[in-house]
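Protein chains get the first letters and strands the later ones, always in sequence-line order, with residue 1 at the start of each. Heavy atoms only: backbone and side chains are in, while hydrogens, waters and symmetry mates are out.
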Amino acid sequence: MAEKIQKPKGTQDLLPEATIAWQHVETTARQLFASWGYGEIRTPIFEDTALFLRGVGETTDIVHKEMYRFEKSERDLCLRPEGTAGVVRAFMEAGLSRASKPVKLWYTGPMFRYERPQAGRYRQFHQLGVEVFGLATPETDVEVIALAWQLLESLGLKGLTLHLNDIGTASDRTAFRAKLQEHLRPLLPQLCKTCQHRFDENPFRMLDCKVPACQAAYESVYIDDFLKTPWTGIDSQAAFTRITTLLSALNIPWVQNHKLVRGLDYYTHTVFEITANTDGVDGMGTINTVCGGGRYNGLVETLGGEPTPGVGWALGLERLIALLPKHEDSSPLMVVLPSGNDGSSPQDWASAYQQAKTLRQQHPTATILLDTSNRAFKKQMEAADKRGASSVWFQRDGEWQQKLLGR
RNA sequence: GCGGGUGUCGCCAAGCGGUUAAGGCCCCUGGUUGUGGUCCAGGUAUACGUGGGUUCGAUUCCCAUCACUCGCCCCA
């Protein structure tokens with residue numbers, strides 16, 4: 001027997017039962033974005049590799065070891081590992097930088113990262129995100145966050161927390177990194193092995209360590225003191241305060257997370273994550289970040305465009321859907337059987353098709369099924385019942401009659 | 001890249017050295033039933049991931065391998 005072909009590792013087949021939830025999320029998001037004035041953008045699933053090398057940063061794991069990279073006709077291409085870089089590229093290429101500001105966009109689609117699959121983490125996964133170009137005001141950051149919050153609320157999610165921080169600019173971080181290492185070097189022998197390893201590679205990650213002894217060492221080390229590069233005309237601290245004040249006024253519960261210093265290279269100033277309580281949620285494992293984003297004022301310029309500030313977020317659809325309450329398809333189901341106990345003539349069939357058509361017009365939200373199996377009438381009744389039909393229609397003495405299938 | 005878990009019919013799941021390898025669900029057929037819900041009878045299926053080894057004998061033990069899965073890393 002030929003070997004079975006299976007889906008590639010880390011991918012999923014979404015069967016009709018599952019796509020109901022996806023459609024629900026997509027529909028909700030689409031309506032919300034439209035009413036907030038965000039336009040949809042669709043960009044290619046593969047791009048020039050250089051886009052991500054420059055945009056996301058060569059040192060990040062995403063680019064470093066997780067890209068699906070391939071060459072075709074001497075072009076170095078790769079499957080997109082995230083959405084922002086492609087949107088920025090398209091934004092520049094379409095000349096949107098000359099459009100009136102701000103430019104508000106949203107996108108959705110598959111992303112690809114070559115990594116070990118786990119609960120809530122796939123090699124092909126889907127993101128839904130927004131990007132706003134052209135405004136560097138704290139109020140823009142709040143709007144973008146409020147939009148994410150509104151979407152998650154509309155979908156009925158509970159137990160959400162917004163974590164945010166200001167991580168300054170790349171140069172602020174370089175200074176902080178040096179200071180951090182200087183501060184921690186003498187303490188190194190007391191820290192756990194993982195932290196010792198991270199000291200050189202990525203000292204920011206050390207701040208996330210869960211070992212109590214390590215935590216104590218990091219207690220007083222905050223990036224705040226290194227935020228020298230101001231926003232446009234606003235001091236960093238003042239900007240952050242404006243953001244948090246406004247969030248509170250909007251009843252969006254936030255917490256400042258000083259440890260939120262990671263992220264892709266392109267972030268400047270505001271970074272945030274929305275986490276969910278994943279206790280007892282199937283398919284989420286230990287992962288609880290649903291949405292992540294921030295401001296990226298230097299990205300457009302890095303990719304060769306006019307200096308343009310930007311801010312946005314992306315949320316993982318697989319993770320989001322795992323958190324959603326089960327969504328049942330509640331539309332009534334009616335089944336049309338072609339005839340009564342006697343065999344069906346061509347006229348009977350034509351009449352059945354017509355009857356189905358009429359019912360579909362009369363009940364636009366219902367599902368109307370025509371049984372074309374040609375099985376015994378009794379079998380058709382059984383099948384209708386098994387499917388959970390609320391009623392069946394059948395012909396008797398030339399008349400269509402409905403029979404309710406109550407329990 | 002590094003750890004842990006699991007692999008028996010489409011799904012769930014017994015068996016743990018010698019079995020015709022249970023059972024349930026699903027599916028199909030026939031019957032019963034107030035033309036369907038219940039119930040009864042029957043039927044279909046190349047099911048022990050793969051390759052070695054131990055043994056008189058392996059689904060059951062050992063090794064390897066593959067696949068899936070969970071965790072670390074990192075992230076959505």
Strand partner of B:G7, provided both Watson-Crick or wobble distances fall under 3.5 Å: B:C66

Does B:C61 have a Watson-Crick or wobble mate here (both distances under 3.5 Å), and if so which one? B:G53

Return the pairing partner of B:C48 with a 3.5 Å limit on both distances, Watson-Crick or G-U wobble; otherwise return none. none

Rounded to the nearest Å, what distance is computed from the NE2 atom of residue A:His163 to the C1' atom of nucleotide B:A76? 14 Å

Would the A:Tyr267 and A:Tyr296 ring centres measure less than 6.0 Å apart? no

Any N/O donor-acceptor pair, A:Gln118 side-chain to B:A76 base, under 3.5 Å: no

5'-most contact on RNA chain B: A:Thr11 or A:Met381, nearest heavy atom basis? A:Met381

Taking the nucleotide of RNA chain B with the nearest heavy atom to each, does A:His126 or A:Lys403 sit closer to the 5' end? A:Lys403

Does the base of B:G36 carry an N or O that pairs as donor and acceptor with the side chain of A:Arg387 under 3.5 Å? no

Return the pairing partner of B:G71 with a 3.5 Å limit on both distances, Watson-Crick or G-U wobble; otherwise return none. B:C2

Lys/Arg-Asp/Glu bridge criterion (N-O < 4.0 Å) met for A:Glu93, A:Arg89: yes

Whom does B:G17 pair with, Watson-Crick or G-U wobble, provided both distances fall under 3.5 Å? none

Is the shortest side-chain N to carboxylate O distance from A:Arg242 to A:Glu139 below 4.0 Å? yes

Tell me which nucleotide, if any, is Watson-Crick or G-U wobble paired with B:G43 when both distances must be under 3.5 Å. B:C27

If you measure from the Lys or Arg side-chain nitrogens to the Asp or Glu carboxylate oxygens, is any gap between A:Arg30 and A:Glu40 under 4.0 Å? yes

So, does the side chain of A:Arg375 form a donor-acceptor pair with the base of B:C28 at under 3.5 Å? no

Look through every strand shown and name the nucleotide pairing with B:U38 as Watson-Crick or G-U wobble, where both distances are under 3.5 Å. none

According to a strict under-4.0 Å criterion, is A:Lys378 in side-chain N/O contact with OP1 or OP2 of B:G31? no

Are A:Glu382 and A:Arg375 within salt-bridge range, i.e. N to O under 4.0 Å? no

